[in-house]
Amino acid sequence: MAEIIIDSYRCSSCGTCVEMCPDVFQLDSMTEKAELVTVAPTVTDAVYQAAAFCPEKCIEIK
Ligand code: SF4
């Protein structure tokens, strides 16, 4: 099963991933960095698209 890894150090809190995939990504209320909504979300095409559109390229799917 594919795994989503977010490099929160590089995340610029732009919110693109949250906009594209609100079931999977959210911004942490304290740090405003992207994080996963659930521990092991299903990796849909929308998740791959959000990773592709991330301006910092800090969403890795493996
Ligand atoms: S799209 Fe990338 S930089 Fe923007 S909030 Fe999501 S993980 Fe962070």
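This one's a predicted model, so the numbers in the text were calculated from it and none came from an experiment. Worth knowing before you read on, the calculation uses all heavy atoms, side chains too, and leaves out hydrogens, waters and symmetry mates.
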Open item on the list: For the CD1 atom of I4 and the SG atom of C17, what is their distance to the nearest 0.5 Å?
Closed with: 10.0 Å
TODO: Report whether L27 and V47 are members of the same hydrophobic cluster (ILVMFWY, side-chain heavy atoms less than 4.5 Å apart, transitive linking).
DONE: yes
TODO: For K57 and A52, indicate whether the former's side chain and the latter's backbone hold a donor-acceptor pair under 3.5 Å.
DONE: yes
TODO: Check K62 against I5 and note the closest heavy-atom contact, atom names and distance.
DONE: CE-CD1, 3.3 Å
Task: Inter-residue atom distance I59.CD1 - C11.SG, 0.5 Å rounding - done: 8.0 Å
Open item on the list: Nearest 0.5 angstrom please: F25 CZ to I6 CD1, how far?
Closed with: 5.0 Å
TODO: State yes or no: do L36 and V43 share one hydrophobic cluster built from I, L, V, M, F, W and Y residues joined by side-chain heavy-atom distances below 4.5 Å, directly or via other members?
DONE: yes
Open item on the list: If I compare all heavy atoms of C58 with all of C54, which pair ends up nearest, and what's the gap?
Closed with: N-SG, 3.5 Å
Open item on the list: Checking the side chain of S8 only, and the main-chain atoms of K33 only, is there a donor and an acceptor separated by less than 3.5 Å?
Closed with: no
Task: Atom of P41, atom of V24 and distance for their closest heavy-atom approach - done: CG-CG1, 3.9 Å
TODO: Return the minimal non-hydrogen interatomic distance between I61 and A51, and the atom names on each side.
DONE: CD1-CB, 3.9 Å
Task: Atom CD of E60: over 12 foreign heavy atoms under 6.0 Å - done: yes
- [ ] To the nearest 0.5 angstrom, please state how far the CD atom of E35 sits from the CE atom of M30.
- [x] 11.5 Å
Task: Test salt bridge (Lys or Arg N to Asp or Glu O under 4.0 Å) applied to D23 - qualifying residues, sequence neighbours left out - done: none
